[in-house]
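Before any comments, here is the structure.
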Amino acid sequence: MDPPMDFQVVVLAGGTSDKLSPLVSKELPKALLPVANKPLLSYPLELLEASNLKNIIVVVEGDEAATQVESWLSVAYMDRLNVEVVKTPGDVGTVGAIRAVAPFLISTDILIVSGDLVSDISPGAIAATHRRHGAAVTALFCPAPVSGGADSSTSGGKDKAKKPSRCNIVGLDPTRQFLLHVVSGAKVEKDIHIQKRIVRAVGQMEIRSDFMDAHVYAFKRTVLLDVLEKENLYSIKQDVLPYLVRTQLRSEISAKKENSADESSNGATKELPSEDININSAVPSNQNLRWLSQHREIAPSSYQDIHISDCDKNKSRLAKKTHKCCIYLSGKTQYCARLNSVQAFGDINRDMLGEASRITGYTFSAQNNVVHPTVVQGAKTTAGGQCIIAEGTILGDKCSVKRSVIGRHCRIGSNVKIVNSIVMNHITIEDNCTIQGSVISSNVQIQERASLKDCQVSAGYVITAGSEYKSEPLTKR
Amino acid sequence: MDLRRPNRPVIGPKVRQVGFVTPDSAAATSSSSIPAVSAAAATSAGSPPSSLSPVMIPPPRHPSTEMSNPHFHPVGSYNPSEQILGSPPALSPSRSSRFDADGSDFGGDDDESVALSGVGGGMTPKSSLLMRQPVTKTAPLVSETHKRDSNVSKGKGDGPSAAPKEKLTKAERRATQEAQRAAKAAAKEAAAAGGAPSVSKQPKPATKPATQQKKDVPSGSGPLQPLAPSGSIEKKQGKKEVAAPHPRMQFDDMTKVGKLKKRAVVNQSEARNRVELFRHLPQYEHGTQLPDLELKFFQLDLIHPSVYQVGLQFLSDKISGGNARCIAMLLAFKEVIQDYTTPPEKTLTRDLGAKVGSCVSFLIECRPLSVSMGNAIRFLKNRISSLPHNLSDKEAKSRLQSDIDRFINEKIIIASKAIVEHGVSKIRDGDVLLTYGSPSVVESIFAYAHGIKKNFRVVVVDSRPKHEGQGLLRRLVERGIHCTYTHLNAVSYVMHEVTRVFLGASSVLSNGTVYSRVGTACVAMVAHAFRVPVLVCCEAYKFHERVQLDSICSNELGDPDAISKVSGRKNLNYLDGWAQNENIQLLNLKYDATPSDYVSVLVTEQGMLPPTSVPVIIREYGIERLWT
């Protein structure tokens, strides 16, 4: 079956990320980390499914993770999606992941979606923008989450831990359609070096640091494969995208890519085009491109692109040596977040309960919560607003659950307070416990009178009776 | 008039050199003003000018009547179209350079032709020599007018003119037509002399007093009621068209709009506060369309990706301009054909035609088609439907693709090259050339003229909101051409120094009306008032047999926000939130219609033509004729 609109989708599901260390383990790869009681990977997949993209390649790091993801996918999306899981060895980076799937890529453009994306931005819009501009790469940027807002004040302790590396420096053209400069988090220095020629070509550049790279890229396949041939690239975000943006006016890629074809095209523009037309050409896209560029030469007024019209006199030569890097900026009303840290995990879970609840697909009850009908609640137990309690969970008497997610088949004793927390599956919490702002992984046992505040508890951990923890990651030794 | 007199010393001599300017030069040679000439003509034809009744204000394209009606056509105006039309149109630069050379000859020719046929400056001796049936003074007028009738309203079937048509060459044919027109005008004058008022007052010949009048009536009423012949033409061609590419939807009809919306792919929310006069045109809230279409990117499986891409680019104005849009569309269709496989139990001709039709309707939703695109679509559908049935899929596809390539190549690329060659021949050293907007062909002309070391200056006139001229300006300046940039408001100021106006066109209609970017008509009129020749450069594939008298009934509305906002001046925000105010209606028209009076010459790949010769081109070189 042909990919719709000549787009193929690659989801980079990752493996066992270090950044999410206490939560993610070999038993639970990042892709299957429950967010609002759904595996993380289901969010991008459902987003893609909503856009009618049903043929998806999922790249997973590590053998065990791959088998787990594959088995989950085969059950959950058996009849809905046609997902192919490709496994890569650990620690090859996103570029390595794309290298692994390169043989599968056949369509004109490739959409690369990070597996930790929780968003409701239509990938179609990004793809359409990409097509509209005929760009080499289009990246999705969204406003970076505001830190220190009212929302995160409850988990204020962790704001310090938030790295400044998450802010990127992004240079945009005045219409906010083209990406002119990008420095991703880790490489931000004190000074920003901006290429003169780009500024000269554009005239005006807007530099922002409040946009976040959402790790959704639409790449032209030929460009992508060319970049992959280069060495010492590791990450798409930190290496490939800046490289493409940097070289957009002196593109080696497009020159190289079209080298073989250019010989004939150069002749074609000079001769009568009809003689050159290869009707049975297997790659219509290249042909089309050259045609388009050709018609732009004839009708230059139609070609208003800043890069070309502004920077050099010899347009025809230059047109072949540039590529466009476009940007799709999400709107303020759209939700977009990446789950790449423990902090983000908490934030996203809270958002799922609150402002972005539409993404989860749950229907919230009149009390603004989701309580599965099989949940057994004891006397005087209250499940407040913005709660999700999954099936099979048993709550004892006088419990109080606020703004929290509780997974499947948990046993919670009497007089337990759970506020602002994420409690995963198969957890036993005994009586008189207090859990605040914490993340508790599966199979944890919390004995009575324990008190947890802003803690992350790894899977299988046992918290002894009466213990108190504050702002600690608790890992099994 | 008052305006013009003082200007004369400024522009006069320059214009006279051009070769368009025969009346002045005629006046110089014969030392008599135009009314005198026309009076002479009238007297030589034996009809006193006093007998012209005011009712007989004729359609403007008849040269002799224009002359005999000095109020209608200003005295001493260069009246160029008629002059150029007088000789067989230039088919090669050498021929057109002859024009330039013998500006003074024209006066002589004029006198001669006046003496010969009593018509006025509409004919050169050459053309009369080329005529198959030479016009004598009186007798053959009837047959000539008759012939012309059948030419004008070809819906009636071209019986008498069909037989000799094949044998004639282009130049001969055109010459014949000119002679016919002249003869007809003469006949009309004669009719005016003898009881013509009654005829013109009752266009329908109830009485049919004389054969001469009877013949005169349809030709006289034809241009006055221009919709009738065009209707018959369309009827005739209706069989050929698989589906009309340009449905004249009336968007003030709510039921039809509702139906259309159900089918629509693009989410079109009707804009509010539409100007009363333009309610029949589609206008949508511009901000919502593009994001909505982008959201649906993967959902619309039926539309081919390349068509979708082109549609997006149309919608976002990324591709604009007649040629560019047409080429982009055709290339997209080429890919559609490339990827097409005939479904089982269907024939390629029918199914592919329907598929192309659905693509076209998608493109229409993105932006209304231009005439050039409509012609190209008509051509493509024609080719599809005329494919032989025994062809294999592969052969049929390759044949269609090569057809498309040929169309692009011959009708657009080579045509524009030919236009460049013709146009350059009109540029002389020391010229000041004015252009408006950013017509691609005109840009090529300038570039080429600069390349062959002609020494000239360019005035780029621009207008809000698109500021297309700035792009042109930049490219011209980069080439080293000396330019002046101004806005449309200042055109009357800058026109003093201009010696020629080069304009582009979206389409040229069969009555010579030039349908082009809004503002073109204004420039042409100002140029006309200053007696600066106006050259409209247009490929023949943009010609359309429709007749349009105004720019209201068929036009395109742009984004009203584009004119309500001033870029770069954020403090000018008086119109913010205008959509909520019922008392404001913004009108952002995209096209206007320039009457043929204001066009000196059309530069096409077939040569330089008077705007009156458009029907000939449509008939002889029309898309159907060339490709079927």
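In what follows, chains are A, B, ... by sequence order, proteins preceding strands, each numbered from 1.
- For residues 41-49 of chain A, a heavy-atom distance under 4.5 Å to chain B picks out no residue at all.
- Of residues 124-131 of chain A, those residues with a non-hydrogen atom less than 4.5 Å from any non-hydrogen atom of chain B are, in numerical order, A:Gly124, A:Ala125, A:Ala127, A:Ala128, A:Thr129, A:Arg131.
- Remark: A:Tyr77 OH is packed, more than 12 non-hydrogen atoms of other residues, nucleotides or ligands lying under 6.0 Å away.
- For B:Arg367, the salt bridge (Lys or Arg N to Asp or Glu O under 4.0 Å) partners at least two apart in sequence or on another chain are B:Asp317, B:Glu556.
- Ranked by heavy-atom pairs shorter than 4.5 Å toward chain A, the options B:Ser316, B:Gly437, B:Gly322 are led by B:Ser316.
- A search for side chain to side chain donor-acceptor pair (under 3.5 Å) contacts involving A:His215 returns A:Arg338, not counting sequence neighbours.
- Put simply, the side chain of B:Gln313 gets close to the backbone of A:Arg132: a donor and an acceptor are under 3.5 Å apart.
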